Amino acid sequence: MKEELEYLVILNDIELLIDDLGKGTDAIERQLGFDVSRREQLDEARQRTREQCNPDLLRRYDRIRQKYGKVIAPVFDGICYGCFQRLPTQLAQVNRNEEILACPHCGRFLYFMR
Amino acid sequence: MEAIHLSDYLDPNSLELSLEAATKNEALTELVRLLPIDAGSRNIALQLVKSREELGSTGIGKGIAIPHVRSTIFPSIMLAYGRSEKGIDFGAVDGQPVHHLFLVASPPIEPSNLYHPILAQIVRLVRLAKNRKKLAESETKAELLNLIDELTAG
């Protein structure tokens with residue numbers, strides 16, 4: 001898999017985790033007995049990941065993130081699960097996750113599932 | 001809500017009765033390897049599960065850890081279980097080594113909303129000392145799967 005795609009996925013998932021904590025997930029986790037005390041560590045992990053991302057891709061990432069929140073869209077059976085539209089056949093048949101591809105309908109980065 | 005059968009999300013390939021790991025990072029690597037995902041996705045899963053641990057240990061005490069992770073790379077909820085006889089320093093809340101590890105992996109959004117109920121189900125399962133003892137005593141993967149099914153049948 002393309003390393004640049006890995007960083008984008010990791011960044012988005014860390015940011016979604018941070019969003020969830022802000023919406024009260026931390027209270028649920030605490031109730032279940034988990035430690036969620038080191039929030040600043042997660043912010044540092046986010047920053048470290050941002051620094052590993054390609055700057056041009058990061059700019060695109062930030063634009064999509066502002067628009068949708070969820071930047072990476074999984075692809076199942078040729079469908080972008082960000083906007084639920086079918087991808088053009090040519091795009092759906094490329095070398096999966098070896099290139100950075102975006103959905104032509106919504107612009108999200110695509111992550112092809114097995 | 002109907003009882004959640006953890007065994008629905010486990011199969012013999014997602015169980016390891018004798019983890020080789022000596023450290024927390026090695027244990028997370030071994031657990032992630034049990035998930036039915038491709039190698040590229042495993043790298044991502046491992047980084048993310050480590051990031052979650054930076055927020056605070058998922059070692060909830062009494063020898064139990066339940067690392068968990070949500071990511072786009074998971075098509076559905078997946079579980080893995082690993083057991084370590086010698087115990088692993090996981091930075092658990094009670095400072096004790098961890099012997100039973102459940103890994104819970106989920107997409108960021110899943111329609112059935114089972115991520116937290118599954119975490120809660122595992123916490124309930126391992127809260128009882130008699131259940132932990134049974135988990136420790138299971139000799140085969142089949143036995144362990146049956147046991148988990150029986151203990152979470154509701």
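So you know, we letter chains A, B, ... as the sequences are listed, proteins then strands, and number each from 1. Because only heavy atoms are used, hydrogens play no part in the values below, and waters and symmetry mates are left out as well, while side chains stay in. Just so it is clear, the structure is predicted and the values come from calculations on it, not from any experiment.
Residues Ile66(B) and Leu32(A) have side chains not in contact (no heavy-atom distance under 4.5 Å, counting atoms from C-beta outward). Residues His68(B) and Glu29(A) are in side-chain contact: their nearest non-hydrogen atoms beyond the backbone lie under 4.5 Å apart. Looking only at side-chain heavy atoms (C-beta outward), Thr49(A) and Gln47(B) stay at 4.5 Å or farther from each other. Using a 4.5 Å heavy-atom cutoff, the side chains of Arg52(B) and Val36(A) are in contact.
Residues Tyr68(A) and Leu57(A) are members of one and the same hydrophobic cluster, defined by side-chain heavy-atom contacts under 4.5 angstrom among Ile, Leu, Val, Met, Phe, Trp and Tyr. Using a 4.5 Å cut-off between side-chain heavy atoms of Ile, Leu, Val, Met, Phe, Trp and Tyr, with links allowed through other members, Tyr7(A) and Leu46(B) fall into different hydrophobic clusters. Clustering ILVMFWY residues whenever any of their side-chain heavy atoms sit less than 4.5 angstrom apart, transitively, puts Tyr115(B) in the very cluster that holds Phe34(A). Residues Val32(B) and Leu34(B) share a single hydrophobic cluster, defined by chaining ILVMFWY side chains whose heavy atoms lie under 4.5 Å apart. In the hydrophobic clustering of ILVMFWY residues, with side-chain heavy atoms under 4.5 Å counting as a link, Val93(B) and Val49(B) come out apart.
For the atom pair CG of Asn97(A) and OG of Ser41(B), the computed distance is 7.0 Å after rounding to the nearest 0.5 Å. Rounding to the nearest 0.5 angstrom, the gap separating the OG1 atom in Thr72(B) from the CE atom in Met113(A) is 8.0 Å. With rounding to the nearest 0.5 angstrom, the CZ atom of Phe112(A) is 16.0 Å from the CD1 atom of Ile73(B). Here the CG atom belonging to Leu55(B) is positioned 5.5 Å from the CG atom belonging to Leu21(A), to the nearest 0.5 angstrom.
Closest non-hydrogen pair, Arg38(A) versus Gly56(B), comes out as NH2-CA, 3.4 Å. Nearest heavy atoms, Gly40(B) versus Glu6(A): O-OE2, 4.1 Å.
By the 6.0 Å contact criterion, CD on Glu26(B) is enclosed, its count of non-hydrogen atoms from other residues, nucleotides or ligands being greater than 12. Under a cut-off of 6.0 angstrom, the local environment of CD in Glu137(B) is crowded, with over 12 non-hydrogen atoms contributed by other residues, nucleotides or ligands. Within a 6.0 Å radius of CZ in Arg132(B), more than 12 heavy atoms belonging to other residues, nucleotides or ligands are found. Crowding of Lys62(B) atom NZ: a count of heavy atoms from other residues, nucleotides or ligands under 6.0 Å not exceeding 12. Counted within 6.0 Å of CD on Gln47(A), heavy atoms from surrounding residues, nucleotides or ligands total more than 12; the atom is thus considered enclosed.
Heavy-atom distances place no part of Pro67(B) under 4.5 Å from chain A, backbone and side chain included. Both the backbone and the side chain of Ile14(A) come within contact range of chain B, each with at least one heavy atom under 4.5 Å from a heavy atom of that chain. For Pro108(B), the part sitting under 4.5 Å from any heavy atom of chain A is the side chain, from C-beta outward, and nothing else.
Among the candidates Ile10(A), Leu42(A), Ile28(A), Asp20(A), the residue making the largest number of heavy-atom pairs closer than 4.5 Å to chain B is Ile10(A).
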Could you tabulate the donor-acceptor pairs under 3.5 Å formed by side-chain atoms of residues 116-130 of chain B, not counting sequence neighbours?
residue: Gln121(B); atom: OE1; partner: Arg124(B); partner atom: NH2; Å: 3.4
residue: Gln121(B); atom: NE2; partner: Ile4(B); partner atom: O; Å: 2.7

Next on the checklist: Checking Tyr111(A) against Ile44(B) for the side chain to side chain contact (heavy atoms under 4.5 Å, CB included) test, could you report, in this order, the C-alpha distance in whole Å, the side-chain angles of both residues, the deciding distance, and whether it holds?
Outcome noted: CA-CA 12 Å; Tyr111(A) 186 86; Ile44(B) 296 177; 4.0 Å; yes
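For residues 75-88 of chain A, the interface with chain B (any heavy-atom pair closer than 4.5 Å) comprises Phe76(A), sorted by residue number.
Taking the side chain to side chain donor-acceptor pair (under 3.5 Å) definition, one finds that Arg46(A) meets it with Glu15(A), sequence neighbours left out. Listed by chain and residue number, Tyr81(B) satisfy the ring pair (Phe, Tyr, Trp, His ring centres under 6.0 Å) test with Phe102(B) (two or more places apart in sequence, or in another chain).
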